[in-house]
Amino acid sequence: PYPACGRSLRAIDAALTLRESLGLSADDIDRVIIDAFPDYVHTLPHVAPTVGFHGKFSLDYCVGTALLDGEVVLDSFTDVAANR
């Protein structure tokens with residue numbers, strides 16, 4: 001459903017659900033804590049990607065994009081989007 005690594009899909013779903021059900025905006029969020037399996041570090045190694053393609057392999061980036069934009073689409077993974 002999202003153009004990102006499969007291991008990030010549940011976290012994206014959760015972020016989108018929280019955003020919608022609580023009516024969150026970027027101003028409402030101070031920080032996000034993600035609790036994930038340690039194995040995810042190997043397939044989602046990028047923490048603060050500056051290259052759009054690396055965002056596909058960053059749990060932090062995917063969840064952040066979902067919370068900020070309300071969607072995770074192909075345009076979420078451009079270099080411009082990753083550097084905003």
Side-chain angles (χ1 to χ4, degrees):
Y2 313 106
C5 177
R7 287 203 165 175
S8 64
L9 302 185
R10 287 184 179 175
I12 293 169
D13 280 340
L16 291 172
T17 298
L18 283 171
R19 183 181 193 272
E20 184 177 330
S21 66
L22 298 176
L24 296 174
S25 72
D27 293 334
D28 299 321
I29 302 168
D30 292 326
R31 66 183 167 159
V32 176
I33 299 171
I34 302 169
D35 190 14
F37 292 108
D39 290 349
Y40 281 29
V41 173
H42 301 293
T43 52
L44 299 166
H46 303 287
V47 176
T50 57
V51 176
F53 180 75
H54 292 169
K56 292 176 176 260
F57 301 95
S58 171
L59 192 57
D60 300 356
Y61 181 81
C62 288
V63 168
T65 296
L67 289 171
L68 291 174
D69 299 338
E71 65 181 2
V72 177
V73 296
L74 280 176
D75 285 342
S76 302
F77 301 104
T78 65
D79 291 350
V80 171
N83 287 287
R84 62 187 166 139

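What you are looking at is a predicted structure, and each value in this text was computed from that prediction instead of being measured.
The heavy-atom pair separating V47 from D60 by the smallest distance is CG1-OD2, 3.2 Å. What you find for L59 and A11 is that their closest heavy atoms are CD1-CB, 3.6 Å. Pairing each heavy atom of L44 with each of S8, the nearest pair is CD1-N, 4.4 Å. Across all non-hydrogen atoms, the minimal contact from A4 to I12 is CB-CD1, 4.3 Å.
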Atom pairs and distances, side-chain donor-acceptor, residues 51-58, under 3.5 Å, sequence neighbours left out:
{"unit_1": "K56", "atom_1": "NZ", "unit_2": "P3", "atom_2": "O", "d": "2.9"}
{"unit_1": "S58", "atom_1": "OG", "unit_2": "H46", "atom_2": "O", "d": "2.6"}
{"unit_1": "S58", "atom_1": "OG", "unit_2": "Y61", "atom_2": "N", "d": "3.0"}

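If you chain together ILVMFWY residues whose side-chain heavy atoms come under 4.5 Å of each other, V80 ends up in a group of its own.
Under the rule for a side chain to side chain donor-acceptor pair (under 3.5 Å), T78 has no partner lying at least two apart in sequence or in another chain. A search for side chain to side chain contact (heavy atoms under 4.5 Å, CB included) contacts involving V41 returns nothing, not counting sequence neighbours. Partners of R84 under the side chain to side chain donor-acceptor pair (under 3.5 Å) rule, at least two apart in sequence or in another chain, are D69. Under the side chain to side chain contact (heavy atoms under 4.5 Å, CB included) criterion, A15 pairs with V63, A66, L67, not counting sequence neighbours. In this view, D13 and Y2 satisfy the side chain to side chain donor-acceptor pair (under 3.5 Å) rule, not counting sequence neighbours.
For T65 (side chain) and C62 (main-chain N/O), no donor-acceptor pair under 3.5 Å exists by modelled atom type.
By the criterion of side-chain heavy atoms lying less than 4.5 angstrom apart, applied directly or through intervening Ile, Leu, Val, Met, Phe, Trp or Tyr residues, L9 is grouped together with V72 in one hydrophobic cluster.
Listed by first and then second residue, the side chain to side chain donor-acceptor pair (under 3.5 Å) pairs involving residues 18-42 are S25-D28 (not counting sequence neighbours). Legend: ring-ring contact (aromatic ring centres under 6.0 Å, His included) pairs involving residues 4-27, not counting sequence neighbours: none detected.
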